[in-house]
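The block underneath contains the structure these notes are about, expressed in structure tokens.
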Amino acid sequence: MELYHNNMSACSQKVRVVLAEKNLKVVEHHLNLGAGDSHQPDYLKLNPNGVVPTLIDDDQVIIESSVICEYLDDTHPEVPLSPEDAVQRAHMRVWMLAPDAGLHGWISTLSFAIAWRHQDRSEQIKLWSTEVKAARMDLIENGLMAAAVKPQLKKVVQTLGKMGKALQHSSWLAGSTYSLADVALLPYVVRLNDMQMSWIWEESDKMEAIADWLARSQERSGYAGIADYLEPNSIEVMRNFGLQERRAIADLLGD
Ligand SMILES: N[C@@H](CCC(=O)N[C@@H](CS)C(=O)NCC(=O)O)C(=O)O
């Protein structure tokens, strides 16, 4: 198998967590998203959406991270990542919809408003559509004061609230076993944690179960799919500016 991916991309992290959980090795092709690698004509033939990840298995091209995760679980069931119970599987799939239903974009908004605006993105900006550019330039120029931040931050906290509620009743999001539901949410909680935002769940009795869930997820072998690829410079930027913005984030949530 071959995987086209990017070190810090949340969608790639999901797929790498599944690969690591199942101890599967792939030939890796790392794409520099900032340099436009995912928009090169040869890559667009594999993934017309110009995004990572893309998996190649026996000449078959599989795109969309959630679809890739289920494909890997179907083709390598020795280490199952889906509950046996049909109701729990249904719950798992609802959690798996969360990133594409908005969470991915909201976390991207926060990442730009807190951290990425302090990195040189001049090459990447040239690749953005007019619409994406307008939204991201607002984030780059105005940070947390950009119009999109407050409503999207609140949406993120709503999702954390749903996680906290589910985790009050079971060890993992879709029941008593670790599943693709946990894999789907993990990169986003890790990103918030890296931006020093864990106080949001740690200081809330409705969400505090997330702390234990995160710690248990990080102890699993699959976490190597995230930890082994973290870029120190990005981690430092997220940490430093996350700390600096903590009060402003609390103020936005308090309004
Ligand atoms: N729904 C897609 C989203 C993929 C996606 O947005 N990937 C991002 C990185 S996490 C990307 O490649 N962005 C590059 C770009 O938009 O130019 C999936 O889950 O695979």
Side-chain angles (χ1 to χ4, degrees), residues 1-19 26 28-57 60-74 81 92-117 119-137 139-140 148 152 156 159 180-192 194-195 225-226 229-231 234-235 238:
M1 286 192 289
E2 294 176 56
L3 180 69
Y4 291 80
H5 69 124
N6 170 271
N7 287 342
M8 294 294 293
S9 124
C11 308
S12 303
Q13 288 172 332
K14 278 156 61 177
V15 172
R16 293 197 309 259
V17 167
V18 172
L19 291 168
V26 292
E28 295 183 22
H29 304 281
H30 186 264
L31 271 61
N32 181 340
L33 301 180
D37 290 358
S38 65
H39 295 272
Q40 294 302 318
D42 280 350
Y43 183 71
L44 289 173
K45 284 182 201 154
L46 299 175
N47 190 326
N49 301 329
V51 294
V52 288
T54 300
L55 182 80
I56 316 283
D57 189 14
Q60 297 299 318
V61 181
I62 318 283
I63 61 169
E64 288 296 327
S65 58
S66 298
V67 175
I68 297 172
C69 290
E70 279 216 85
Y71 173 82
L72 290 169
D73 205 36
D74 287 343
L81 290 175
M92 175 189 84
R93 293 202 172 96
V94 172
W95 283 113
M96 289 173 75
L97 295 174
D100 287 319
L103 182 64
H104 183 82
W106 306 328
I107 297 282
S108 172
T109 292
L110 294 181
S111 302
F112 268 96
I114 294 169
W116 303 155
R117 66 193 287 254
Q119 293 179 322
D120 178 14
R121 298 266 159 176
S122 46
E123 286 305 307
Q124 202 178 5
I125 288 170
K126 293 179 196 160
L127 302 164
W128 293 339
S129 66
T130 315
E131 197 185 336
V132 170
K133 193 170 174 177
R136 296 224 171 121
M137 288 314 290
L139 297 170
I140 288 170
Q152 297 194 25
V156 167
T159 304
L180 297 179
D182 303 288
V183 174
L185 275 292
L186 182 59
Y188 301 100
V189 177
V190 168
R191 174 67 60 85
L192 294 171
D194 286 340
M195 292 195 292
I226 296 178
Y229 297 81
L230 294 174
E231 291 179 349
S234 296
I235 295 295
M238 284 191 278

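All ligand and atom numbering here is 1-based and tracks the order in the structure. Just so we're clear, the structure is a prediction, and the values are computed from it rather than from any experiment.
Ring centroids of His30 and His5 are separated by less than 6.0 Å, placing the two rings close together.
Taking CE from Met1 and CD1 from Ile62, the interatomic distance works out to 10.5 Å, rounded to the nearest 0.5 Å.
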Which atom pairs, donor and acceptor, lie under 3.5 Å between side-chain atoms of residues 43-57 and protein residues at least two apart or in another chain?
unit_1, atom_1, unit_2, atom_2, d
Tyr43, OH, Val51, O, 2.6
Tyr43, OH, Thr54, OG1, 2.7
Lys45, NZ, Asp42, OD1, 3.4
Asn47, OD1, Asn49, N, 3.1
Asn47, ND2, Val51, O, 2.8
Asn47, ND2, Thr54, OG1, 3.0
Asp57, OD2, Tyr71, OH, 2.6

If you look only at distance, which donor and acceptor atoms sit under 3.5 Å apart when one is on a side chain in residues 127-135 and the other is two or more places apart or in another chain?
unit_1, atom_1, unit_2, atom_2, d
Ser129, OG, Val132, N, 3.2

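Scored by the side-chain hydrogen bond (donor to acceptor under 3.5 Å, both in side chains) test, Ser111 finds Arg191 as partners (sequence neighbours excluded).
In this structure, Arg121 and Phe112 have side chains that are in contact, with non-hydrogen atoms separated by less than 4.5 Å.
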Expected rows: ligand 1 N/O, protein N/O, dist below 3.5 Å:
unit_1, atom_1, unit_2, atom_2, d
ligand 1, 1 (N), Glu64, OE1, 2.6
ligand 1, 1 (N), Asp100, OD1, 2.9
ligand 1, 7 (N), Val52, O, 2.9
ligand 1, 12 (O), Val52, N, 2.8
ligand 1, 17 (O), His39, NE2, 2.9
ligand 1, 19 (O), Ser65, N, 3.3
ligand 1, 19 (O), Ser65, OG, 2.6
ligand 1, 20 (O), Ser65, N, 2.9

